[in-house]
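Structure, as structure tokens:
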2 protein chains.
Amino acid sequence: MSQDHTHDHSCCGGDHHHGHSHQNSEGAEGRADLSGPAESPITVEVTRGSLVESVHRARACIVDAGGHVLARWGDIDASVYPRSAIKSLQAIPLVESGALDAFGLGDEELALACSSHNGEARHTELVRSWAERVGLTLDDYECGAQIPYDPATAADLVRRGEAPTAFHNNCSGKHSGFLTTAKHRGERLKGYVRYEHPVQQRILGVIEQMTGQDLFGAPWGVDGCSIPTIGIPLGAIAYAMARIADPVDLPDARAAAVTRIAAAWGRHPFLIGGTGTFDTALMEAAGGAVLVKGGAEGVGCAVIPEQGIGIALKIEDGAARARDVALAALIRSTGALTEAQWARVPQLLTAPLLNRAGTRVGEVRPAAGWPAA
Amino acid sequence: MSQDHTHDHSCCGGDHHHGHSHQNSEGAEGRADLSGPAESPITVEVTRGSLVESVHRARACIVDAGGHVLARWGDIDASVYPRSAIKSLQAIPLVESGALDAFGLGDEELALACSSHNGEARHTELVRSWAERVGLTLDDYECGAQIPYDPATAADLVRRGEAPTAFHNNCSGKHSGFLTTAKHRGERLKGYVRYEHPVQQRILGVIEQMTGQDLFGAPWGVDGCSIPTIGIPLGAIAYAMARIADPVDLPDARAAAVTRIAAAWGRHPFLIGGTGTFDTALMEAAGGAVLVKGGAEGVGCAVIPEQGIGIALKIEDGAARARDVALAALIRSTGALTEAQWARVPQLLTAPLLNRAGTRVGEVRPAAGWPAA
């Protein structure tokens, strides 16, 4: 990793809520404290012919499980909606509550709970069987119907004259997890997407613990799938990812839960996204060495277990094309993949821009100034 | 218009190519000369709940037909690909060559030549009848096939088991114009999209004249529809739009051509875009007082004939959602529409952000610092 932007021992977060024990002194000292002026954002450029046509600005950081900021670009204290990039955190109650085991669900369902899937048959069939096993019906799902991201699946639906359902919603795995937990706990299913519902309050508590943030009164909004998304400093999001990578300082039950989630996340790249998605392609190339998850509006997270680090990223303008290339560049800088592994997925590092005739007319690439591999 | 950013008498461009006469001294003096440091870009913000989730940076300017920059934000000297926002300029040879009249084509075809249409039946039927009248076949079109922008039309195609064709390409009107001009001039049709082809060279000359720029050696790339797009300073793009608004200093034949184009552009808002598009909605609301055209990667242009001014805009990251809101804000600042007219299209000034359940969860709006109406 490049040392140009290294700020060792900035404390990025620490879990001092809810009576959990602490073993790292930084954590015990308090919340995010990223002092000093923010570094400049780094940029992703979109070329066409001989000109850079458009530019995206990225804020990002790499953090370890002790809350140390190893590298940072741009303001990482400002609150960001993590959107779908933290589905791994939202899956924690599904495991910790015992709901997953009680219904005889396994790794595949857990991976799907962490996914933003394409709505392909393998995804929707798994949701369908999961719902059946738990005794849920389509009417219980409050995520809304969505045309599948996968174009072939979407076209198939139209050809068959079928409307998409909530099962096709890219978040249907996460919602299955919410409903399963609520059912297991005997909570009312209706309204489980609302901020006040125990399902969302439980998740809010888990996110507070994992990020080391007091999120009472934090800015929040309604996500695409109708659940709350909470504003969290970018550095604290990376810190939570680092604690999935290295849960040594977490209480035993929490450590066991995140270890199980990380294993499911890494073993089922296809379930996390699907055909042609960045997350699936990168994780397949990494062979389990990196867990990655993008979210809407240009947010991305990565977990690198072997190094015990987490990465969080926000494209200021929200563009997915820049998020993917930026996340690949940051992951590359950690050395978590070999260059031989990258060579099999060059389109993740520099994404070709094709026009309607299929001609390569430009590319999306990191601008100058990114850390080297 | 707010005077905060006014820099009167900066000369933005001037036509001194190709032997055209000059009546404005600024024009005779030379090319874009926007001296002084660039002003700050203005921003468009995307909110969700209580947080600004994403931010887009815009460069923009308002210029008159004398080449005076009336207002500017950000660097307007840097080259920008105008993409589809200058289809009005690309239509000039269709009129000036006499091709339009020779084939008995009219206002509707001319409007369609300036359009980025939705591929709805009214658009594709007009392309089809135009092609037939000129003796063109689908094989002559080199723009590539495209799934229609209009979702209902796209779904209809899938239901009927039909593949989209080049006629559905949003640029098929522009390409019809290219082919019609080439046919009229007896030029080879094959390869008309190439930089070296007389069709594109003729357009390059027209753009040089209208923008007052020497574009020999200018950066260029291949557009979505396979034709060249040329890098031009943003201020010079606005200047060309101003000369459509007020062609008094143009040679008679050119003035006649742009007047005819402007009339066709303004009279047929639906042909320029289609159902649900910004361009169509804004022009319908304006009732002919404003001509507007967006382009890919966040470029937008507007022509306000009564005031003799042109507007050009580039969202630095290329986002269409920001382009539309920014263009509306700039047009509003000119007073070209009454507040009663704006009240009929509030979604153009502040675009609602809906989630998958159809709930309004945020909005796309100008940030603080934009000029007031």
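All chains are named by letter (A, B, ...) in the order of the sequence lines, taking the proteins before the strands, and each is independently numbered beginning at 1. Note that these values count all heavy atoms, side chains included, but never hydrogens, waters or copies made by symmetry.
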| said: Given heavy-atom pairs under 4.5 angstrom as the criterion, report whether the side chain, backbone, both or neither of D156(B) touches chain A. | reply: neither
| field | Lys/Arg N to Asp/Glu carboxylate O, E53(B) vs R83(A), below 4.0 Å | value | yes
| query | Hey, which of Q146(A), R356(A), R160(A) has the most heavy atom pairs under 4.5 Å with chain B? | reply | R356(A)
| Contact winner vs chain B - V299(A), N169(A), T359(A), heavy-atom pairs under 4.5 Å | N169(A)
| task | For S226(B) and N355(A), work out which heavy atoms get closest and say how close. | result | OG-ND2, 3.2 Å
| Is it the case that more than 12 heavy atoms not belonging to I207(A) sit under 6.0 Å from its CD1 atom? | yes
| message | With rounding to the nearest 0.5 angstrom, report the CD1 to CG distance, I232(B) to L51(A). | response | 11.0 Å
| request: Considering only heavy atoms and a distance below 4.5 Å, find which of A319(A), G144(A), G224(A), A218(A) pairs most often with chain B. | output: G224(A)
| message | At a 4.5 Å cut-off on heavy atoms, which part of T229(A) comes close to chain B: side chain, backbone, both, or neither? | response | side chain
| field | Which atoms of C143(B) approach chain A - backbone, side chain, both or neither, heavy atom under 4.5 Å | value | backbone
| task | Give the member of G221(B), G298(B), G231(B), G358(B) that has the highest number of heavy-atom pairs under 4.5 Å with chain A. | result | G221(B)
| query | Where do D317(B) and H56(A) come nearest, in terms of heavy atoms and distance? | reply | O-CE1, 3.2 Å
| said: Heavy-atom cut-off 4.5 Å, strictly under: side chain, backbone, both or neither for A78(A) against chain B? | reply: neither
| Which atom names give the shortest non-hydrogen contact between R48(A) and V222(B), and what distance separates them? | NH1-O, 2.6 Å
| query | Given a strict heavy-atom distance threshold of 4.5 Å, which part of A166(B) is in contact with chain A: side chain, backbone, both, or neither? | reply | neither
| If you measure from the Lys or Arg side-chain nitrogens to the Asp or Glu carboxylate oxygens, is any gap between E162(A) and R159(B) under 4.0 Å? | no
